[in-house]
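Have a look at the structure below before the remarks.
Labels below follow one simple rule: chain letters A, B, ... track the order of the sequence lines, proteins then strands, and each chain is numbered from 1. Computed from a predicted model, the values in this text were never measured in an experiment.
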Protein chains: 2
Amino acid sequence: MEFDDKIPIYYQIKQYIYQEIIVNHLAPGDKLPAVRQLALTLTVNVNTIQRALSELINEGILESKRGRGNFVTTDVATLTDLKHRVVEEQLALMYDRLADLQIAPEDMVAYLTDYIAKRKEQAQA
Amino acid sequence: MEFDDKIPIYYQIKQYIYQEIIVNHLAPGDKLPAVRQLALTLTVNVNTIQRALSELINEGILESKRGRGNFVTTDVATLTDLKHRVVEEQLALMYDRLADLQIAPEDMVAYLTDYIAKRKEQAQA
DNA sequence: ACTAGTGTATTAGCCTTCTATTACACTATA
DNA sequence: TATAGTGTAATAGAAGGCTAATACACTAGT
């Protein structure tokens, strides 16, 4: 996995796990890989994994069962909240950044449409 | 100015200056505030300002004139490149993040439109 | 020449993040 | 009951970013 060296790795791992849950690669009740395995896979230290997981546990996203593993919460309400929160955060980020660049809301849609067309072209080439 | 504590301050200052140039608060040839003044205004250390500025100088966005000040380059080509680069980077960021969340390109526009509508409502309230 | 305003450089210290290592605690199962 | 698999905790050290303080170098105007 590639990390942005401007943002703490533990923080990027949190966001990655959010993602895995949101796109249902990790379903409610699923067991996560063992911390040592995650550390190998992501080529980071166990402590860094642990830091990310412990925050997710505090947020109620994961549940830790000592000696057995870490599991995605079965509280579905928490997970649907998560999905809404994350998607909206991404939209807000982009909206605010483009607004800072003095792009009007109406124009943002046009910019995005153009950009999507460009990506489609590139994908074909 | 507010900074995101997950991202280096010097880096956020660079982006802020990009912005000021793109929206024409800083025009080609303009003199920037003195480094000590910028440090006061943004409530950071002079060294942090200096780090941001020296990178912008390396990138050809700014020109330093010792004893006189820092100036926006008069090379207009560099500045129009900058604008394209920054806007496209923001779009790419959002596109990739939403793609990671398994939102199809066609749906991104709908999501954005909805979000803009939501912001408009909030603005009125 | 002096002085005020400017950029630049260097040092020391603090904090956070990340790594490496070791140890401990619990669970399941052979 | 031993052992393998799991989470948890604690320490020490390296690296990067930020601050504070001081000093130096150049420019313009008096």
A/K6 vs B/D4, test: salt bridge (Lys or Arg N to Asp or Glu O under 4.0 Å). Steps then yes/no. CA-CA 11 Å; A/K6 296 284 184 303; B/D4 180 340; over 6 Å; no
A/E106 with B/K120: basic N within carboxylate O range, under 4.0 Å: yes
Within the modelled atom types, does a donor on one side and an acceptor on the other bring the side chain of B/N45 and the base of D/dA21 under 3.5 Å apart? no
If we ignore angles and hydrogens, is there a donor and acceptor under 3.5 Å between the side chains of B/Q90 and A/Y111?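 No, because no side-chain N or O of B/Q90 sits under 3.5 Å from a partner of the opposite role on A/Y111.
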Starting from [atom2] on [N], measure out to [atom1] on [X] and report it in whole angstrom.
| X | N | atom1 | atom2 | answer |
| --- | --- | --- | --- | --- |
| A/K65 | D/dT6 | NZ | P | 16 Å |
| A/Q50 | C/dT22 | CD | P | 19 Å |
| A/N47 | D/dA14 | CG | C1' | 14 Å |
| A/R51 | C/dT19 | CZ | C1' | 14 Å |
| B/F3 | C/dC15 | CZ | P | 21 Å |
| A/I57 | D/dG7 | CD1 | C1' | 9 Å |
| B/M1 | D/dC18 | CE | P | 13 Å |
| A/E63 | C/dT27 | CD | C1' | 17 Å |

Contact under 4.0 Å: [X] side-chain N or O vs [N] OP1/OP2:
| X | N | result |
| --- | --- | --- |
| B/N70 | C/dG7 | yes |
| A/Y10 | C/dC18 | no |
| B/T48 | D/dT19 | yes |
| A/R36 | D/dG5 | no |

Which part of the nucleic acid, if any, lies within contact of B/L53, taking any heavy atom under 4.0 Å across all strands shown: a base, the sugar-phosphate backbone alone, or nothing? nothing
Proximity to the side chain of B/P8 - top-ranked nucleotide from C/dC26, D/dC18, C/dC18: D/dC18
So CG of B/L91 and CE of A/M94: to nearest 0.5 Å the spacing works out to 8.0 Å
When rounded to the nearest 0.5 angstrom, what is the spacing between CG in B/L38 and CD in B/Q50?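 One finds 10.5 Å between CG of B/L38 and CD of B/Q50.
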With DNA chain C as reference, determine whether A/G67 or A/V46 sits nearer its 5' end, using the nearest nucleotide of each.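 Looking at DNA chain C, the more 5' nearest nucleotide goes with A/V46.
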Taking the nucleotide of DNA chain D with the nearest heavy atom to each, does A/S64 or B/R68 sit closer to the 5' end?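 Its nearest nucleotide lies further toward 5', so the answer is A/S64.
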